[in-house]
Structure formats: structure tokens, C-alpha cells
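Residue indices begin at 1 and follow the sequence shown.
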Amino acid sequence: MDKFSNKVLNYIQKNRMLPEGARVVVGFSGGGDSTALLTVLDRLKPLLKIELFAIHINHLIRSEAVEDEDFCRAFCKERGIPFVSRSVDIPLMAKEKALTEEEAGRNARYEAFSSYAKEIFAGYIAVAHHQNDVAETLLMNLLRGSGLHGGAAIRPVRDNVVRPLLCVTRAEIEEFLKENEISFCTDKTNLESIHTRNFLRNEILPELKDRVNDRAIQHLCAAAASFDKADEYIRDVAREAFLKKVSCSEDGVSAEVKELLSEKEIIRENIVLMMFEELVKNRKDIGASHVEAVLDLLKSEDGQASVDLPYGLCAKRTYGKLEISKKGNQTETIETVTIKPSVGEETEILIPGLGRAKLSVFSYDKQTEVPTWTYTKWLDYDRIQEVSFRTRRGDDRISISQGDAVHQKLLSKFMTDEKIPKDKRDEMVIVADGNNVLWVPGYRISASCKVSEATRYILEIKIDDGGMSNG
């Protein structure tokens, strides 16, 4: 057995990639990497006692794509390897899903690989990543601002995807193909340094090998593997903290600032990353700078602060709480109107979506019965700092009486319990004091501002032209 095949065999066995009798789908583009992968697996097939099935994806981008497909078909026919081809319009897919062609191509390939594996009851998918890919990915992620998680290695086994060539470099692959006189296709676009990955592949890594260390690629791979181990441990610890300290709802994710600040900095960073992951499953564009921006909100001494983030997200700290949510959940459907009425003063304002609001403050004589009309409410003015008419926010809470006890409930939970239609919740106008909801017109006033024997001054709010049926 040649040195290259023996090295790959040992790597497969060390990582327990392919059990005896495995049916393996091999991604086969016809390029040097995948040609070497299919060749070495075919040679090792009797020893591993596995079955191989090749699949080629035509991206419909290059004019030579048909020739590549023909090459792959002939290559497999010569060796008796079952072969299928799938065509996917990657430019169209990228446009429709707002992805780069590289991202769209990757997604299409893995979807096709998985689909074919299910068709033929194959339990494994083999792809041709090698050590140069790991080095390129590590450099690209670090240079783009990724933290420890982005520096982690490409794993030899992830779910049902195996990567038998992660033990070799591209130079070793090229030497193997040359020694065995194995032809393959060349994608000319890979030779152009227009794209970031190609620039690192064609110019940076060769310079690092020549000028710094001829084992630079292997050393970068070893570093990535170490990052991976450290990242796995840290994320396990952070996951426990996340489950204890982060609340998830339909509006977003939130946590108490003091709870987050009680954690070590590296754990806080990972909790924030997990908050992103809860909202956006593919957080490729979230880098260390975005995590740092959110962490800076925790240290801010301002009463309220916020920062815009990728994927239409917004992080906001208000009254000791950090919330990350879609900007749509932060957008108010009306302009916020905030007033601080004085004793003996009467104010009238028009609130779009609610009606004409009349506010007045007067002394409570303890004799007059508190009105129970739907759109006239008396509130304990002594407990109110200011009055805002606005749409809801993610950190809004309302106080609810249950027997002799009063407890706070997230407004989103209250709206769910009241079965308020989801498409109406962001349009509703509420009356609030900071994030303390005083009144949800048509539904309920807060227990925190109900009139009692201790009340000295009444704030009366009367809504004309209101449209709700109860409250």
C-alpha cells in the first residue's frame, strides 16, 4: 500500500469514520481533491468493506461544467462506482435567498448529498476537505474578527459527514495524483485571487510556508484543533449558564444585566453568541466586534442604550435588562407620546390607533367610587413618574393581582394569555411608565397603580373613540 493511502486509512480508523458495511456517498466534483478522495476510498474499499456511491453537482455557472460532469461519469464507469449527477441553478438560488454564490453552492451540495444518501439508504457522506482548507478557514475567520469559536477546526466527523483527507495537505494530494498519473479537472476560477479564500490559498499560505515555516499549514491545523477542544469545554459551561439566565420568547431573548456580569468574561461572550444562535441559526456574519458591542451595553451607565446588529437584529439594554430581538419588534407603530401632567392640570392629546386621550390629575377624596368604564381609568398618581402612550417593547412588564399577592408578568406573556392575535400585538397602543405597563386599554390596568386607601392623587385617563370591548 502506498504511503498516502496508508495515512488516510489510519486516519479513518483512528476517528472511527466508516464502520464495516457502510454505504458511503462521495461528493465528486472532478477536481483534484475529490478525485484523490474517491480514488483512495476505492483502493481502501476491500479493507474497509464499504460501498461507494459518487454524486456530482453541476452548479450551472461555468461553461466547462458539462465537461467536468462527463469526466466524473467516465471516471466512475471505469472503476465500477455508481454515479449520479444533479444540476442546481446556483446563481438563481443565490439571488432568491440573498446569499453569495459560494454559500448557495455549499448549501445546494449538502442538500443534494443528503437527499441522495436517503434515496439509497447510505449512512455516510464523504467530502474532500484537507488541511489547507482548515488553515484557510482559520485565517479567514480570525481576520474577519471571529473569536475562539471561529478558530475551531473542521471536524473529521460531524453527524453523518466524514472528512478522510483532513490528515493530508494539498501538496500531498497533488503528489499522490502525480505519482499515480491520475487526471482530474481544473476549475480556472480557483486560480484567480479575486475571492478572499482564493487569495489566502494562492498567495498568503505559500508565503507563510516559504518565509515563516515550511510546516505552517500543519501548525495552523494543530492550533485549530486546540481551539476546538477549548471552545467545546467553554461552550458546555456557557450552555449551563444560558439555560439558567436567559429567557426566550417569541419577541426575542433577554437576560438580567447583573446576572450576565456575574459570569467570567469568556462565558459572557459565549452566552451572547448563544443568544444570537437562538434567533439566527446561521450566524456567519456575527463576529467578535458584534459580541463586543453587545457586551459594551452591559457596562454602559446610561439609562438606556442600544446597538444595531446583522440579520435585522437589535440589542438593547433598559432598566437592568439586556434584550436582543428583531428590529421589527423594536419598531413602534406610532410616535411615542410622553407627558408628566401636573396636579390640577387637564391635557388632551390625539393618539393614532387609540383615540383622543384626556388626562387630568386631582386630589382623591376617598368618597367617590372608582369608575369601572372600559375607557376611563383612575390610576394612583403617587406611584407614577411619567406617562407614555406607545407600542410594546420586549422588556415591558405588567403587574397582576392574584389573591393577596402581586407579581410581574412579561407583557408578551400577558398578551398570549389574553389570546390577543399575534398580528395585532405590535399595533396596540399601551400606557406605560418606563417598562412598567400601567394600562393595556381594552384589557387591564396594572396592579402596581391601582387606587387604594393610601392614594393621595388620582390620574384620570379617558379615551374617546376607543375600540376595544372589555378592560
Side-chain angles (χ1 to χ4, degrees), residues 11-17 19 106 110 114 123-125 127 129 131 133-135 137-163 166-167 219-250 252-299 309-311 313 315 317 321-325:
Y11 191 70
I12 290 173
Q13 292 174 333
K14 176 185 175 182
N15 290 281
R16 299 179 181 179
M17 288 186 184
R106 185 188 309 113
Y110 280 100
S114 297
Y124 297 87
I125 297 168
V127 293
H129 291 111
Q131 290 187 349
D133 292 316
V134 175
T137 301
L138 172 60
L139 287 177
M140 188 159 60
N141 288 345
L142 292 178
L143 293 172
R144 284 177 171 175
S146 156
L148 183 63
H149 186 65
I154 301 172
R155 294 186 177 180
V157 179
R158 186 181 291 277
D159 299 325
N160 69 331
V161 177
V162 299
R163 299 177 171 89
L166 283 182
C167 60
H219 292 165
L220 286 169
C221 289
S226 296
F227 294 160
D228 192 40
K229 293 173 185 176
D231 181 59
E232 185 174 11
Y233 172 77
I234 290 169
R235 283 180 68 81
D236 283 344
V237 176
R239 172 60 59 182
E240 292 183 16
F242 175 88
L243 294 174
K244 292 177 183 177
K245 299 184 176 184
V246 177
S247 299
C248 304
S249 70
E250 63 182 49
V253 291
S254 61
E256 296 293 335
V257 170
K258 65 179 180 180
E259 290 291 325
L260 293 177
L261 290 176
S262 69
E263 296 289 345
K264 297 287 187 182
E265 186 173 354
I266 189 67
I267 302 301
R268 287 201 300 269
E269 292 174 3
N270 277 268
I271 291 174
V272 170
L273 279 173
M274 290 173 184
M275 294 173 81
F276 285 133
E277 290 167 356
E278 192 69 26
L279 300 173
V280 182
K281 300 308 176 186
N282 177 17
R283 55 166 184 79
K284 180 181 68 68
D285 292 330
I286 299 293
S289 62
H290 302 116
V291 174
E292 189 64 32
V294 174
L295 293 175
D296 284 344
L297 293 180
L298 305 182
K299 305 169 188 174
L309 301 162
Y311 301 106
L313 299 178
R317 184 189 55 72
K321 182 179 287 292
L322 172 71
E323 181 193 25
I324 303 177
S325 63

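E263 is linked by a salt bridge (charged side-chain N to carboxylate O under 4.0 Å, His left out) to K245, counting only residues two or more places apart in sequence or in another chain. Not counting sequence neighbours, S254 has no partner by the side chain to side chain donor-acceptor pair (under 3.5 Å) test.
Once rounded to the nearest 0.5 Å, the distance linking CG of L261 with CD of E256 reads 11.0 Å. To the nearest 0.5 Å, atom OG of residue S249 and atom CD of residue E323 are 7.0 Å apart. Atoms CG and OG1, from L142 and T137 in turn, are 10.5 Å apart once rounded to the nearest 0.5 Å. Atoms CZ and CG, from R239 and D236 in turn, are 9.5 Å apart once rounded to the nearest 0.5 Å. To the nearest 0.5 Å, atoms CD1 (I324) and CD (E278) are separated by 11.0 Å. L322 CG to L260 CG: the interatomic distance, rounded to the nearest 0.5 Å, is 6.0 Å.
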Quick one: side chains of residues 221-231, donor-acceptor pairs under 3.5 Å with protein atoms, not counting sequence neighbours, listed by atom name and distance.
{"unit_1": "S226", "atom_1": "OG", "unit_2": "A222", "atom_2": "O", "d": "3.3"}
{"unit_1": "D228", "atom_1": "OD1", "unit_2": "R155", "atom_2": "NE", "d": "3.4"}
{"unit_1": "D228", "atom_1": "OD1", "unit_2": "R155", "atom_2": "NH2", "d": "3.2"}
{"unit_1": "D228", "atom_1": "OD2", "unit_2": "R155", "atom_2": "NE", "d": "3.1"}
{"unit_1": "D231", "atom_1": "OD2", "unit_2": "H149", "atom_2": "ND1", "d": "2.6"}

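When all heavy atoms are compared, the tightest approach of F276 to H290 is CZ-O, 4.5 Å. Here the shortest heavy-atom pairing between I271 and A241 reads CD1-CB, 3.8 Å. Shown here for I267 and A238, the closest heavy-atom pair between the two residues is CG2-CA, 4.0 Å. What you find for M17 and Y124 is that their closest heavy atoms are O-CE2, 3.4 Å. For the residue pair A135 and L220, the shortest heavy atom distance occurs at CB-CD1, 3.8 Å. Pairing each heavy atom of R163 with each of Y11, the nearest pair is O-CE2, 3.6 Å.
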Audit row: V257, R317, side chain to side chain contact (heavy atoms under 4.5 Å, CB included) steps and yes/no: CA-CA 8 Å; V257 170; R317 184 189 55 72; 3.7 Å; yes

L166 vs N15, side chain to side chain contact (heavy atoms under 4.5 Å, CB included): CA-CA, chis, key distance, verdict: CA-CA 11 Å; L166 283 182; N15 290 281; over 6 Å; no

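When the options E269, M275, R268 are evaluated for a side-chain contact (heavy atoms from CB on, under 4.5 Å) with V291, the one that passes is E269.
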